[in-house]
Each structure stands twice: as C-alpha cells, then as structure tokens.
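Worksheet for the structure shown next.
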Amino acid sequence: MKSTLLTALIGAALMIQNAFADPPLAIAVHGGAGTIERGALSSEREQAIRDALEKAVRAGHAILVAGGSSLDAVSAAVEILEDAPEFNAGRGAVLTSEGGVELDASIMNGANLDAGAVAGVKGLRNPIQAARLVMTDSPHVMLVGEGAASFARNRDLVFADDEWFITDFRREQLEAIQARQDAAVTELSEDWFSTVGAVAIDQAGNLASATSTGGMANKRWGRVGDSPIIGAGTYADNRSCAVSATGHGEYFIRHVVAYDICARVAYTGQTLAEAADTVINEVLRQAGGEGGVIAVDPKGRISMPFNTAGMYRAAIHADGSLEVGIYDDEAE
Ligand code: ASP
C-alpha cells in the first residue's frame, strides 16, 4: 500500500516537473507498423509487445528526467527494443532469403545535424551503438557490411551468434514466405514491418532520433531499406522536428519521408501534426507506400501517424502522460 502511494506521488511529481520543464521533455518509440489486426496477435504476444514498448519509453524518459541527452534517451530505448525478440531489430530480426540476419540502424543529433548509420551488418548485437559511434568516432556518416562490422569490432561492441538473433517465429515466417512464392521474386509484405525507433527532446531543447531494423523478410542482394538512410527513415533538426519511420522502405526512400516532414515544418508553417499526417496519409498513401512515423517537435509535441492497420508505439508526452498503442482505434 505504502509503495503504491509512493509510486503515485513520484508519478505526480514527474508530471509536475514535466509540465513546467522548458522546453518540455517528451519521448516516443515505435516497434513497427503493418497489418496488425485485432485478434491476430495472441494475448501473450500482444502483452509482451506492450510491455517492451513501455519499458523502452520509460527507460528513455528516465534519462531525460535525470538531465541526460536526447541522444542517450533514444539510444537506450532502441537498445531495449533491439534486445526484445518481438521486434524486427537486433534479436528477433527478420531473416534474409538465405536464413541470415543483416541489420541496419541510424541515429541523428538535431543540435548539429551530426548523424551515423550502419547497413547490412551481421552479428552485431546492438547496431544502434555502432551507428552512434560512426557519428561520434569516425569522419563518416554510413558504413556498410563487413567494414561496418570491423569498425564495431575495433570499438569493442558486442557480437552474438545466430542463436541470439534467430527466433522460431522468424524461421517459420521465412519458410511460409518461401513456400508460397516464386523464388525469383522477393515478396514484400506489410505483415512484417516491425522496425524499431525512438525520438526525443531533452532539457536542453535538443532533438534526436534513432531507428534500427532487420529490414524486410526474405530480402536478398544486400537490399537496404530506409531505416539507415538519413532523411528517409531517420531525421532530426532542432529547428523543425525529429522523425523515425517504419514501413515499406523503398517508398520511404523515394519520398525522403523523415526529411520531408521536417522540411514542411521548417518551410511551410505546417504544424508537426499536419506535416506528418500529410506525408503519411496523403503523399505516401497516394504512392502506395505503407507505414508510419513517430515524431517530436521543439515544443515537445508528439505525432505518430500511420496508414496501416496498426503501429506498435508508445510515448511519454510533455505533460508526463504515458500512451501505449497498437491499433488505429486507440486514442492518441
Ligand atoms: N522500413 C524497414 C525497411 O524497409 C522495414 C520496417 O519498417 O519494418 O527496411
């Protein structure tokens, strides 16, 4: 009883602290968008997903409340989601046509437009850590394949074997895809979007965003989607917004989705909500591109539009309220 009261008091104190914070603290995370219909997930899987999203957003928020940077907050949140087997990133990532795992990740600092990314990297437990080191510890923005892995090895990042990454769920998924398709065609289905990402604003008013993925199931030829591409899957600029995307990456690349949202905010006077909604529900929808974004602006306003049946998402808003959602009929 006492501990419940204490938790309630701490919660109230955090809400008050948040409400008066200038700029307000806010963080959002996603675990992918796609055909996520009610009843399609077992109740255990749905609960595990909601728990992981909440754990990630709370971990990032705790860093912001303690005065940590938005970069630290989005990295910590994404690492938790990379380690959670429910999502298509790190552990539990989708499999390539050869049954392997090739990971992509990127991160961006809205304070100075520094950015880092890795693509097509194998065996790296937390690709977001490598993306961050590319940003802070190399003169480059993006490293790929074996080069990215050797950069990560030189920086003592943790590697893991297939046992860590490959889940039965992903094995069965790959078998099912390959059983029903022409081997010459790489099937891309919205069922399988579950990339992870985070956006945040910290006490200094700095925005950051991070995205991590296994890409698309059954991918081949070294296919890379939008997630590690700055401007497509990830973008952050203190003057407009921070965005992390999920969805059919080819469309997000062609429409430079993350940057387009920030550019609309910067140049057209649209609010973040208007800009994000226009790009996801008009531009992308008309093009046939499915997916969604999470985004935050310099006032700590969060937007999480998607044009699919669902998007795994969670946020702690500037007033301190927690939101966790999957389906489109859950209130934002
Ligand atoms: N956007 C990712 C990609 O195309 C997939 C996803 O969001 O699940 O690689």
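Heavy atoms only: backbone and side chains are in, while hydrogens, waters and symmetry mates are out. Counting starts at 1 for both ligands and their atoms, in listed order. This structure is a prediction, so every number in the text was calculated from the model and none was measured.
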So do [Y] and [X] actually touch side chain to side chain, heavy atoms under 4.5 Å?
X      : Y      : value
Ile230 : Met142 : no
Gln173 : Val94  : yes
Phe306 : Arg313 : yes
Thr268 : Glu274 : no

Ser244 backbone acceptor or donor facing Thr211 side chain under 3.5 Å = no

Mark yes or no for whether Asn218, through its side chain, and Thr96, through its backbone, hold a donor-acceptor pair below 3.5 Å.
-> no

Could you pull out, from Val94, Asn88, Thr195, the option with a heavy atom nearest to atom 8 (O) of ligand 1?
-> Thr195

Sub-3.5 Å N/O-N/O distance, [X] and ligand 1:
X      : answer
Arg223 : yes
His248 : no
Thr246 : yes
Ala245 : no
Met216 : no

Contact atoms of ligand 1, heavy-atom distance to [X] under 4.0 Å:
X      : answer
Gly215 : 5 (C), 9 (O)
Gly249 : 4 (O)
Ser227 : 1 (N), 2 (C)
Asp226 : 1 (N), 2 (C), 3 (C), 4 (O)

Give a yes/no on ligand 1: does Lys219 have at least one heavy atom closer than 4.0 angstrom to it?
-> no

Hey, does Gly32 sit under 4.0 Å from ligand 1 if you only count heavy atoms?
-> no

Tracing side-chain links under 4.5 Å among I, L, V, M, F, W and Y, which residues wind up in one group with Leu143?
-> Leu95, Val101, Leu103, Val118, Val121, Leu124, Leu133, Val134, Phe151, Leu157, Phe159, Trp164, Phe165, Ile166, Leu174

For the atom pair CD1 (Ile49) and OG (Ser42), what is the distance rounded to the nearest 0.5 Å?
-> 8.0 Å

